[in-house]
Structures are given as C-alpha cells and as structure tokens.
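The next block holds one structure in the form of structure tokens; read it before the comments.
Letters A, B, ... are given to chains in the order of the sequence lines, protein chains preceding strands, and every chain is numbered from 1. Hydrogens, waters and symmetry mates play no part in the numbers below; they use all other heavy atoms, side chains included.
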Protein chains: 4
Amino acid sequence: MEAEPETRLRADARRNREQIVAAAKQVFLESGPDVPMEEIARRAEVGVGTLYRRFPDRGELIRAVARDNFATVLAEATAAATEEPNAWAAIVRLLSRSRELRLSLRLALMSPMARAIVSGDPKTVEFRAEMMRVLDLLVTKAQAEGVLRKDVGSGDLAVMCRLTLERLPLDLEVSDDVILDRVIGVMLDGLRAQPGSPLPGRPLTSDDLSAR
Amino acid sequence: MEAEPETRLRADARRNREQIVAAAKQVFLESGPDVPMEEIARRAEVGVGTLYRRFPDRGELIRAVARDNFATVLAEATAAATEEPNAWAAIVRLLSRSRELRLSLRLALMSPMARAIVSGDPKTVEFRAEMMRVLDLLVTKAQAEGVLRKDVGSGDLAVMCRLTLERLPLDLEVSDDVILDRVIGVMLDGLRAQPGSPLPGRPLTSDDLSAR
Amino acid sequence: MEAEPETRLRADARRNREQIVAAAKQVFLESGPDVPMEEIARRAEVGVGTLYRRFPDRGELIRAVARDNFATVLAEATAAATEEPNAWAAIVRLLSRSRELRLSLRLALMSPMARAIVSGDPKTVEFRAEMMRVLDLLVTKAQAEGVLRKDVGSGDLAVMCRLTLERLPLDLEVSDDVILDRVIGVMLDGLRAQPGSPLPGRPLTSDDLSAR
Amino acid sequence: MEAEPETRLRADARRNREQIVAAAKQVFLESGPDVPMEEIARRAEVGVGTLYRRFPDRGELIRAVARDNFATVLAEATAAATEEPNAWAAIVRLLSRSRELRLSLRLALMSPMARAIVSGDPKTVEFRAEMMRVLDLLVTKAQAEGVLRKDVGSGDLAVMCRLTLERLPLDLEVSDDVILDRVIGVMLDGLRAQPGSPLPGRPLTSDDLSAR
DNA sequence: CATGAATGAGGATTCATTCAT
DNA sequence: CATGAATGAATCCTCATTCAT
C-alpha cells in the first residue's frame, strides 16, 4: 500500500528498509518516540549508518512508521466496509476490530514532537481524506438502514475510533482489549437509533475534522 | 489539597515550589515530559539550582505534577458526588465536567517513562483507591436509581473518564471540547438502563483496575 | 580591546573564557579549524560543556578568536603609526613587525568555512574599516614625505601586509621569518619613490578592498 | 607530464581517473580538502567505489591533485625560461603569469593535514628540485644580464612565486588578479638592480628551501 | 538558600572505507 | 570493473546533575 519511496531499491536494501520500519514501530511503541536511534538499528539488525541512509533523520523515520500504519488502518476500514453484510455491521467491526489497530496510531499520540511531524506530512492529509470517505459512506448507509442514530456524523465516528486506539495508562489485571471492548459496547449502544438523549451540537462531518 | 511534603516551608520557599509545579505542568503539556529542566526553571523564574533543591530529579517533579492533578480530579469527583441531586446526575457531571480535567492527567500518557514514574508512585495507588471509592458509590446508587444499566461497574466508568482526557491529535476547526462532549453524549446514552445489547464480560470493578 | 561579550561574568567564568580563546587560537594554528572541540576543551582545561556554554558552536569560537586577533593587529598598527618618527618608518615597521602578527590572522585563511564565518562577522567589517583608516593616513603622509611612490594606495599596502601573514608551506631550514623579511625587503625597495616601472591599474584605496 | 601511475590503463579507466582528479581539484578549491569523498565522486560522475579503486584513500587523492599541479607549474616555468628572450623577461613572466597557476597549489595551503600529506610525498621533493633548477638558472642569468639585483637567490624568487599563489580572503570589488598584479609590480621593481636598501641575510639558495 | 557555572555521559549524525551485487 | 549499500568509529552537541560563589 506504500507508494514510491522504495520503488527501485536493490532487493537487500528494500528488505532492510522494511526491517527498519518494523523495528521502529515496535520500539516506538515500547519506549516512545525518543528511543536512541541506535536501539532501533540494533533491533532491525542494521548499522546506524544504514538506518540514517534510509531515513535522514528521526522525523523521516517517524513519518515512515505513521504512513505504514495509515495503510493498515485504511485497509482494515475498507475491508470492513466491503466484507460486512450491512453498514452497521461494518461500523461494529470497525470499532471492535480496531483492537487490532490499537497498536498502530498510538505513535502519533506520544510526544508533541511526533505529533507535529506526523501532522505536517501531506500523506497524513491524504490518509485522513480517504478514511473519512469510507466512514461517510458507512454512516450514510447505516442511517438509511435505520440502525444508526440520525444525529451523528462520520466525524463523530472517527473520533470514537481514535479514542479506542488509546493505550490505557497502566498494566492492569484485565487486558486493555477486554476493557476497551466494554467501552465500545457502551458506545455502540449509544449509537443506536433510539429515544436516547439528543447530542449537543450537530453531527460532525468529515469537514469538521479537517485540520486547522 | 496537596498533603505533607511542603508542610513546613518558609512562605517564599512554598511559593517557589508552587511556581515550579505550575510551570512544569504547563511546559510538560506543551512540549512533553522531556523538556530540559532548564526550560522549566526559566518558566518558573527560578534557577536550576532551586528547582533541583526542591525536586532532586526529573522523576520527582513529574510525580509532583501528577499528585497535584490527582488532587484536583478527586476534588471534582467528590464535589460531583456531594452536590448533585442524584447519582446519575453526578456521573453525567463527572464525565462532562471532566472537560475541565482534561488538561490534567495527560501528563501520564505521554512517554512510557513518565507513565512508569507515575505508576510507581504510592500516591498514585492511594489516589486511585479514593477515586474508585467515589465511583463505586456512584455506580451502586445510580443502578439503584434504575438509571444506570446493571452490567457496568465503577471500573468501566473509570475507563470512560480516562478516555475523555485524551488530547485529540490535531488542530481541528471544531474544538476538542465540543467533539468530546458529543462522544460523551453517546456514551451516556449507552450507559442508560435500556434494552441495549449486553456488554462482553462482566462489570469491571475497582479491583479489576488495580495495577499489575 | 574586546568589548561587551564578557562584560559581567563571574571572575572564574571570565578566566575560563579567556583560556578557551587562547587554547583555540593555538590549536587552530596547529591543526586547522576543524580540530575536535574536545581537543580545544582539553587544552583549555575545561569540559566540553563549558566550551559550548560560552561558544554555542564552532563558528562562534572561530569568530571570537578572529576578533581577538583583530584587536592585536589593530593595536600594533596604531602603535606603529603613533610611535615611529615618520610615516615611512611606520610602514616599514608595520610590514616587518607584522612578523609578530603572522601567527594571527592565518586562521581566516584556512578553510573556506572559517573564511566564510569570519567574513560574515560585522566585527570584521569594523576592524577592516579602522585598519584602513590607519593605513590611509600612513600612505598619505609617507607620500607627502616623498619616500613612498605615488602610485600606490592604502589598499596595496593592506594586501602586502596580508601576504606576509602567510605561512610558508613547509618546514624549511631557514625560518619563515627570515625568509619573509627578505621578501619584505624587496617589497619595501619596490615601494620607494624611484624611477621604477609604473604599476598596472591605479592605486588601490581602502574602498577597493571593501567586500563584495 | 604525469608519469607512470596510469601508464597502462584502459582508455575509459584513464578517463575516469582524470575526471576524478579534475573534480577533486575543483571541489578542494571550493570547499577545502575535507569535503566528503562522496561529493567528489558525485562531481566526477563516478561511484565512490570507483574513486576508491583509483585512490585507496583521501591522502592518495590529495597527492594526485598536488602532483598534477606540480606538472603544470613546472611546465609553465620551463616554457618561460625557454621562450622568453632573456632571463629577466622570464622572471617577470613567471611572477605575472603565475596568475594562471594561482588556482593550483593553494591546495597544499589549506589544512595542516593536506600540507603534511603533500610534503611527505617524494614527488614533491622531485618537483621542488626541478623547479629550483629552473629558477637557479634564471637568477644566475638575470644577474649576469645586470637587471636582477645581486643579493637575491632562487630561493627568494621561489618564495615570491609562492606568495602570489595566495587566495585573498574575501570577495572584493577588485579581482584578486588585479590586486596581485600590483603587488607583483612592486616586487619586480624591488628586484631590480638599483641602489635600493640591502636585504637582510644572504641570498636564499635552493638549498635553503630544502625541507626540514 | 538561590544562582548559574562546570562537568561529562549519552545520544544524534556524518562520512571514510569496505563489500555485496 | 562499476556501483551504491552497509558499517561503525569519530565527532558534534545537549542536558541532567553537581558544586562553587
């Protein structure tokens, strides 16, 4: 799903690049986006030099990891929209299954620095646009199906997805997944078309989430 | 609401301490928990030396900021429980008003390092215990009132509070607050005692959230 | 002769600063302007940190050394102009005695990088202006005295001074000083008002040497 | 004028070698002898690998560039001695025309490191010997012609040539060439057999300039 | 007791050189 | 043989922490 960057690389160089991104993702998750580059290189079983040849600075690496995640998230969203029998099922799957995505976007959440880097990336904008396109569709359809309450928009849905990506602060007895699944359950119930209390404001659209 | 540490300090020393914690909170929020100590000192209009006299190392400072936040959060929770006419109203207020707390606990969420430091602090355990005590009470009462669905526990409520503390990643057109208020609305509807779909697992209790 | 930078520094800090500049001058001369900062720090008997506190980067240090040299050169020029009985004698002394200055300005001659840094410094401009002021005076007076040929200007003199600052490439049997004194002798003879062949172009003035 | 090294190389290999030396000369001049090898390779439109095949290390490359310059300088000196009608004319041409050589030897002047490498090269010794042979001849003849003052030797002449190779520090309004031509004019006048003041010491011979 | 200087370990980054393709 | 990738040592620079003033 990635595009041009690694278009023509010698076979081994490409493999290296992938190893590095994978290692970085892992290490960032474990220890935050400030881990020594050397640590990342070690995990990727590469010399620091190689890492730097591929990613001129930490920012570039962060961007690469983020893009990689975007691709995964988008793929899952598209799959849900495509494979599920109806839109509501897709939404349920998206929120629930995003458990598998939880590991991903957390990167951008960590340090303000990382946040800034990712936000500044044009690819981020692209990703967001595509993601919202998918969500828009789902929301419209699910509302037509009569299952989704009318006063929510794709923007609201996006925010809920985002929230479930959160890493809960501590090592708990119960796993993050179990816990979040319950919260998601509550949210899904809250999303159902029912007498429920009206939400403040108006449905958030994809436009509401455009940066700035 | 702070406790013993600064029990007996000369007036000016106490003022220093407070300035430092305030500056640290601010700076941590802006630039993450890795900002140079010197930066914090500058903001607090103190020399680094003074900062170090008060907080022997960065960890101590992070702990102090966290404790300060705990105090605030707890105060708000207690106030809600006390002042609202019924438990459900208190819960609504807690979730909604936590908007005012949003700025607070984010600290612990930033770097894995900060997380570790805060978790390791006995005060954190104390805080959590007290907080859960309040929530337990609210949940029980609200369920007795017949408004809160029976299959949620104080643990579930805690997690939802926590989620609303999240800083959304980007500068959006619509403010974080507005957005989160809508999600909270959905959650509250989902929390109502209604035919809604059963949640997975069993109600989370305060014990389920004990660390480790 | 240096001005504000070290205006109010604690006694020891000031001493450190001076030690560093002295060490840097020495080391730059020995090994060029690319020597490891650590080497300079070692020579100055300071930690690298201290060096960096005083001179945020290598450029700043180079600038400081250059300014220090400017002061020395200017002092010598002024002294020559003041103390010698007539302008010709001052010129002779300037060219000959610049032997003592030889060690100095070589810095700027070394790497293109160093050159760039020094040229970009406003203090360099100031220095040059003052220096040319002195030379202008000397040239005018010496020509009035009838000793200096009429077709040279202060610019020409400046260039000759500059050339004598050159470090001769190799370790020779005969010292650089002896050798250069002879060249200077030839130049001085060539500068005398005499039938000698006319020089190409017109006398170089201080303006001709203005940068750009 | 180069000798054995590339005696038998395939035509394209030789071309490569020449491109590299040319690029290196250019780049050294622009940015000093510490430019990344990769930069040189790029300019020569070769891979680093190729560069390293030809010149096992940076020193070797510097040496090659220096030797190349030596050849040029020597050729010019010989031409002057041969083609000019008399020795004085040859000397004048040598000093003046060395304008064309100015670009050359500056290399050795840059960093102490480069200096060391070049000095250590046996070819440098050879070059110097040949050069001094030519100068010796010129000096003797020019003195016999009665034009050159008696108290200078070939060593003095060599030093003057060297000085005119200097790059003047800054971007001036007037070009380096014009300026240096005037200084050379002064020197030439000073070199004329005339009552001028006696030079210090004794004429420098080629021996005086032997290294060490 | 406050201050800001000094220290030095640690992490980022570059680049000479080697080596697989 | 040419190429460009990989390596890692060397150097820059920052910042937590200590200590003299």
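- Close to E:dA2, at under 4.0 Å from its OP1 or OP2, lies a side-chain N or O of B:Asn16.
- Considering CD1 of C:Ile62 and CZ of C:Phe55, their distance stands at 11.5 Å, rounded to 0.5 Å.
- As a whole-Å value, the separation of C:Arg17 CZ from E:dA6 P is 12 Å.
- Atom CZ of D:Phe127 and atom CZ of D:Arg67 lie 13.0 Å apart (nearest 0.5 Å).
- In terms of position along DNA chain F, the nucleotide closest to C:Arg58 lies nearer the 5' end than the nucleotide closest to the other residue of the pair C:Arg58 and B:Gly59.
- Distance CZ (A:Arg14) to P (F:dA6): 13 Å, rounded to an integer number of Å.
- If you take CD of D:Glu39 and P of F:dG4, they are 15 Å apart, rounded to a whole angstrom.
- Atom-to-atom, CD1 of A:Ile20 to P of F:dA6 comes out at 8 Å; the value is rounded to the nearest Å.
- Contact check on C:Glu18 versus C:Arg15 returns no salt bridge, with no Lys/Arg side-chain nitrogen under 4.0 Å from an Asp/Glu carboxylate oxygen.
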Canonical and wobble pairing (Watson-Crick, G-U, under 3.5 Å) of DNA chain F, dot-bracket with |: .||||||||||||||||||||
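- Out of F:dA6, E:dA12, E:dA2, the shortest distance to the side chain of B:Arg54 is found at E:dA2.
- When side chains are defined from C-beta on, B:Lys25 counts as touching B:Asn69, because their heavy atoms get closer than 4.5 Å.
- The distance between atom CZ of D:Arg15 and atom C1' of F:dA2, rounded to the nearest whole Å, is 12 Å.
- Rounded to the nearest 0.5 Å, atoms CD1 (D:Ile40) and CD (D:Gln19) are 14.0 Å apart.
- The nearest whole Å value for the distance from the CD atom in B:Glu60 to the P atom in F:dT17 is 11 Å.
- What separates CG of C:Leu61 from P of F:dC12 is a distance of 11 Å, to the nearest Å.
- Atom CG of B:Asp57 and atom CE of B:Met37 lie 7.0 Å apart (nearest 0.5 Å).
- Side-chain atoms of D:Arg58 come within 3.5 Å of backbone atoms of D:Pro33 as a donor-acceptor pair (strictly under, hydrogens ignored).
- Look at CD on A:Glu38: it is 12 Å from C1' on F:dA10, rounded to the nearest Å.
- Looking at the side chain of D:Tyr52, the nearest of the listed nucleotides F:dC12, E:dT18, F:dA16 is E:dT18.
- In this view, B:Arg42 and B:Glu39 satisfy the salt bridge (charged side-chain N to carboxylate O under 4.0 Å, His left out) rule, not counting sequence neighbours.
- Annotation: proximity of residues 41-51 of chain B to DNA chain E (heavy atom, distance under 4.0 Å) is found for B:Val46, B:Gly47, B:Val48, B:Gly49, B:Thr50, numbered in ascending order.
- Listed candidates were E:dG4, E:dT18, E:dC1. Nearest to the side chain of C:Arg53 is E:dG4.
- Here CG of D:Asp68 is found 12.5 Å from NZ of D:Lys123. Values are rounded to the nearest 0.5 Å.
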